[in-house]
Number of protein chains: 2
Amino acid sequence: MTVTIKDVAKKANVAPSTVSRVIADNPSISEKTKRRVRKVMAELGYHPNLNARSLANQTTKTIGLVMPSSASKAFQNPFFPEVIRGISSFAHGEEYSLYMSTGETEEEIFNGVVKMVQGRQIGGIILLYSRMNDRILEYLHRQNFPFVLIGKPYERKEEITYIDNDNYVAAREVTEYLISLGHKRIAFIGGDSDLLVTKDRLAGMADALKLADISLPAEYVLNLGFLRESGQKAVEELMTLDAQPTAIIATDDLIGLGVLSALSEKGISVPEDISIVSFNNVLLSEIANPPLTTVDVNIYQLGYEAAKYLVDKIEHCETSPKCIIIPHKLVKRQTCNEILK
Amino acid sequence: MTVTIKDVAKKANVAPSTVSRVIADNPSISEKTKRRVRKVMAELGYHPNLNARSLANQTTKTIGLVMPSSASKAFQNPFFPEVIRGISSFAHGEEYSLYMSTGETEEEIFNGVVKMVQGRQIGGIILLYSRMNDRILEYLHRQNFPFVLIGKPYERKEEITYIDNDNYVAAREVTEYLISLGHKRIAFIGGDSDLLVTKDRLAGMADALKLADISLPAEYVLNLGFLRESGQKAVEELMTLDAQPTAIIATDDLIGLGVLSALSEKGISVPEDISIVSFNNVLLSEIANPPLTTVDVNIYQLGYEAAKYLVDKIEHCETSPKCIIIPHKLVKRQTCNEILK
DNA sequence: ATGAAAGCGCTAACAT
DNA sequence: ATGTTAGCGCTTTCAT
C-alpha cells in the first residue's frame, strides 16, 4: 500500500541501501544514480517512514516542549505562543518538528516527559519555564538527556544550559527609571513566587531602591499568581494602605493589564495618579489602554536561541553548559509620569 | 544500554511476545505472569520504544496540529493556546500527544503536513483554522486521512467533520442586541476576509439588519486582518465618515481591544459615545478597559470536541462526517450602552 | 497460556 | 560506487 524504500529500489534497479544513501545525500553515490533514484521517488510519491528511520538510527529530529501545568491558566499568557514561534522558526530551518505531551497536573506532565524521553520520541527538550526544585529538570539532568531551560536554573547553574534575560538588571533599570521620575513609593506585583523570574526581578528592584536609600515595605511586595486576579487583588490591597504607592512594577504584562483595569474601575487614572511598568512587551501591551510601558524581553529571541542551543547539544553533542543572556529594552509608552513634589 | 522488551523477558523468564502481551493487557495471559512481568518492568525501569511500536503496528497515538501561517502573527492570538488546551485535555485522557510541524509560509506548512502524514508520525490532524480553498484540507481529504476542522469547510460540508459555533446566529443575536439598544448605525470589523468565520458573522449581522430594515453601507464593513492595526485602521476610517457608526461589531477580541485603544486615543469614550461587541471571550477581554462585551464561543470546548471526534475517527474508523456545533453566549460587560434619541 | 519467528521500513557495517 | 545483510524494538500470526 504505502510506497517504501524497496519499491523505489526495485523500480530504479538499485539496492535499498542505495536509496537510503540517496536520501542522506551520501557523497559516495554517483550523481547519475542519485538523479535516477530521485526521479523514481518523485514518481512514486515516496516519503520516508520516520518511525522506521528513528528506530534504525536511534535519533529523531523532534524537540519536546514542556510548559507549566496547563491547568493553571498561565498557558493563556501570550508569552507562550511567542516563544514557540521563536523555537519553531529555528527548528524549521534545521528540519526539526515540535512535540508536546499533554498532562495537566504536575504529576501527569512529569510522566509525559518520561514517556517521550524513554519512548524515544524526541531528541531533546526545552523547558519553557523555570521554577525552584523542579522534578522534571532533575530527571533530565540525571538522565543526561539534552535539554535547555528558558529562564534560570535554581541550582547547578554551571551544569545547565539556559537562556534568560538579565532580569535583575532589567528590574534595576526599571526601578531607577521610576526613581528618576521622582517616585519613592514603588510597589511590586509578581507572579508565582516560586518562579525564578519573580525572584530576580524583585531582587533587582530591591537593590535599586536600597541604592537610592528608598525603603521597600513588605506590604508593597505582592505575589499573587500570573493572572488577572493578581492585578485586581493587588490593587485592592495596595489601595487600602495608608501610604499608597505612586508607582507599580508588575512582572508581567497580563498583570499590568489587570492592574490597569482595576485602577480604572476605582477611578484612579494612569499615569496621572499612579505609574505602571510591566515586563514582556507582549503584543497586547501595546493595545492596552493606555499603552503599557514595559520591558521588551525579546520573547521570540528567547525561543529561537533556546532551539539553537538545543540542536547544538543534540547534533554536535555539545556538552559544555552555556548561559545565554538575551538583551532587554525598556519600551516607554504611556503609563509612567513624572511625580512633582 | 536502554532496557528493551527482551531484557524484561529474560529476567522474567518469559518470551518477548509475552511481555508484549502484558503491555497490551492481553486477556490470554494469566494474572500471575502479568504480575511477575510487571514487577520486572518496574524493577528495570522499562519504557516501550514508541517508534518501534508505531513501526510494528502502523499506528501512533499522536495528533498533528496545523495552525495558520505563524508568520502572520495571528498565532499571538490567545485563541490558540486555549484551543490547544482543550485539545490537550481530551487527548491526555486517551493518552495521545500532540505534534506540530514548524513551517512559516503556506508552502512550508503544507510540506510539513505531508511529511508528518506520510512519515507516519501522526494518526490524525486537527486544522485550527478554516479558510477558503485550503490546499491542506484538499490534500487530507484526497488522502482520506483522518482529520477534523475547527471552523467550517468552504465546500463539501457533507464530507468533512468540523467543529464550529453557529457564527451566523451568534452575529445575528449580537446585532439584534445592539438594535434593541437603539443602534441603527452599526459597523463591522472583520479579520482576514478569506476566513470563513468572518463571512458567517458578517452574514448574520447583515440579515439581522435587513430584518430590522436597517441599511449596512459598504463603508461600514471593514476587513483588515486580525491584529491590532486592524482595529486602529478601522477606527481611522470609520471616524472620517459623515455618518459615524454608533456601534461596532468586531470579529475578535484582539480587534475589539485595538478599537478600544484607538477610540480612547481620539478621546471617544466607550460605551458613552460608541458601543462595541466582539467575539471569543478570551481571557483578556475581561481585563480590557472597560471590560469588553463579547460572545463567548467556548474556545476550550471547540478544542476538546475536535480532539474527541478525531480520536473517534482514528480508533473506531468512524468515517461518517459530522458537524458539531458548540454553543455560544453573549457576555454582557461594559462596552455597550443604550442609545437615546 | 505461552513461545518461536517473521516482519514493520529503515540504516549501517561489511563486502565487492 | 553499489549490493548484502543484520539489526533497531516491537507486534503478531502460527504453533504448541
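All of these numbers come straight from a predicted model, not from anything done at the bench. Computed from heavy atoms alone, side chains included, the values below leave out hydrogens, waters and symmetry copies.
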Assess whether side chain to side chain contact (heavy atoms under 4.5 Å, CB included) is satisfied between A:T62 and A:L50, documenting all intermediate values.
CA-CA 11 Å; A:T62 107; A:L50 299 175; over 6 Å; no

Out of curiosity, A:H92 NE2 to A:L98 CG, how far, rounded to the nearest 0.5 Å?
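Here the interatomic distance stands at 10.5 Å.
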
Supply the atom-to-atom distance B:L149 CG to B:L140 CG, rounded to the nearest 0.5 angstrom.
10.0 Å

Applying side chain to side chain contact (heavy atoms under 4.5 Å, CB included), can you list everything that pairs with A:N144, at least two apart in sequence or on another chain?
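Result, side chain to side chain contact (heavy atoms under 4.5 Å, CB included) vs A:N144: none returned.
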
Under 4.0 angstrom, heavy atoms only, what part of the nucleic acid is [X] near: base, sugar-phosphate, or nothing?
X     : value
A:S28 : base
B:S54 : nothing
B:N26 : nothing
B:D7  : nothing

Heavy-atom contacts, protein to nucleotides 9-16 of chain C, under 4.0 Å, summarised as B (base), S (sugar-phosphate only) or - (none) per nt, yield BBBBBB--

Neighbour count >12 (heavy atoms, 6.0 Å) for atom NZ, B:K313:
yes

Using chain A heavy atoms and a threshold of under 4.0 Å, write down where along DNA chain D the contacts begin and end, 5' to 3'.
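Terminal contacting nucleotides, 5' to 3': D:dA1 to D:dG9.
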
Could you walk me through whether B:I23 and B:M41 pass side chain to side chain contact (heavy atoms under 4.5 Å, CB included), step by step?
CA-CA 10 Å; B:I23 295 170; B:M41 297 199 315; 4.2 Å; yes

Contact check, side chains of A:F80 and A:L65, non-hydrogen atoms, under 4.5 Å:
no

